[in-house]
Amino acid sequence: MNSQEERENWSLRANSLIRHVTFRQLQIFMAVCRHKSFTKAADELFLAQPTVSLQMKKLADAVGLSLFEQIGKEIRITDAGYDVYAACRDLFRVVENLETQISDRKGIRRGRLRLGVVTTAKYIAPELLAAFGEQFPGIEFSMTVSNRGDIIRRIQDSEDDLYIMGQVPTDEVEVEATPFAWNPLTVMVQRGHPLTLLKKPVPLHAIAETSFLIREAGSGTRNAYLRLFSEKGLKLNVAMELSSNEAIKHAVASGLGISILSIHSLALEGTKGPVEILEVEDFPILRKWYLVHPRGKILSLTAQKFMEFTISQEQFITDRLVNLWPDLANYL
């Protein structure tokens, strides 16, 4: 088949899809892909489940290939379904950009921003969104908070516009990462813990020998401090593994052990509560927060604006951290 015939065949197929596929079908399709469930997609879109099933059948008929396969109670996306998903994602992004551009011409700031953040970033992301929303009150937000593994999967599937992470996933996926603020890790202990009576800075081996509360495997915070102890030839005395910073803070406050967390995790209660920061050699571990997106991805206008705004907040975030823990100024 020559190139002219290929172009004509592609034109025929494209025209067929344009005639038989609706935007509503594509919206329903994206919801089914997100939830991997017709029922949950129907709930999200306030539709009856039979309506979702019917529209997905019509879409599959128009494409000419199965988009989903049922394996037991689980719905899986077929290869053709992933092709349609990728095309829909790009299509809706173009439409959202158009909507933003038109709104800007009318003098009305509108748009959507989907943000994925690792669990520790939940202490900083909401304030960034709130401040950004004050400047652009027409922007709609959605934020997904999850562990590092789930966020990497979301990056691979390009489910969100931007991601906030403390460790760039260079080994798992090709990304572009822009640092925007400090994310210092410190040793935290119960107020009045015996370690607070030692000469400062407390030696690192004393931390390794004390009952330690560790984050779950795969946590970026955990990876950072385990690397430090490994380089010093030390092994932590792990008493318990917990899956969230809040659980760790409560456990530290209850005297179950000590831990290492981001200073951001004390943003609400401050450093005068039941958990205090301990001065330890080789600490704080100075890390950065990063805005991350898949390499080569064309960002929406709203995402670009959010990146610019977030980067501009670096000094404000630093000042807030120093106000929270004045000793931090000695390390920055």
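Small disclaimer: the values here were computed from a predicted structure and weren't measured.
Under a 4.0 Å N-O distance rule, the pair Glu172/Arg148 qualifies as a salt bridge. The pair Arg222-Glu241 meets the salt-bridge criterion, with a side-chain N (NZ, NE, NH1 or NH2) lying under 4.0 Å from an Asp/Glu carboxylate O. Between Glu44 and Arg34 there is a salt bridge, since at least one side-chain N of the basic residue sits less than 4.0 Å from a carboxylate O of the acidic one. A salt bridge is absent between Glu281 and Lys232; no separation between the charged side-chain nitrogens and carboxylate oxygens falls under 4.0 Å. With respect to Glu308 and Lys305, no salt bridge is recorded, no charged nitrogen being found less than 4.0 Å from a carboxylate O. With respect to the salt-bridge test (charged N to carboxylate O, under 4.0 angstrom), the residues Glu159 and Arg153 qualify.
Defined by atom type and a distance below 3.5 Å, a donor-acceptor pair is present between the side-chain atoms of Ser262 and Asn183. Neither side chain, Ser142 nor Arg112, offers a donor N or O lying under 3.5 Å from an acceptor on the other. Side-chain polar atoms of Thr120 and Asn245 form a donor-acceptor pair below 3.5 angstrom. Judged by distance alone, the side chains of Gln49 and Ser53 do bring a donor and an acceptor atom under 3.5 Å apart. Donor-acceptor pairing under 3.5 Å is recorded for the side chains of Arg24 and Gln27.
Counted within 6.0 Å of NZ on Lys122, heavy atoms from surrounding residues, nucleotides or ligands total more than 12; the atom is thus considered enclosed. No more than 12 heavy atoms of other residues, nucleotides or ligands lie within 6.0 Å of NZ in Lys58, so this atom counts as exposed by the packing criterion.
Ring orientation note: the planes of Tyr225 and Phe229 are nearly perpendicular, at an angle over 60° on the 30°/60° scale.
Screening residues 59-92 for ring-ring contact (aromatic ring centres under 6.0 Å, His included) gives Phe23-Phe92, Phe29-Phe68, Phe38-Phe68 as the qualifying pairs, with residues at least two apart or on separate chains.
Leu266 places none of its side-chain heavy atoms less than 4.5 Å from the side chain of Tyr123.
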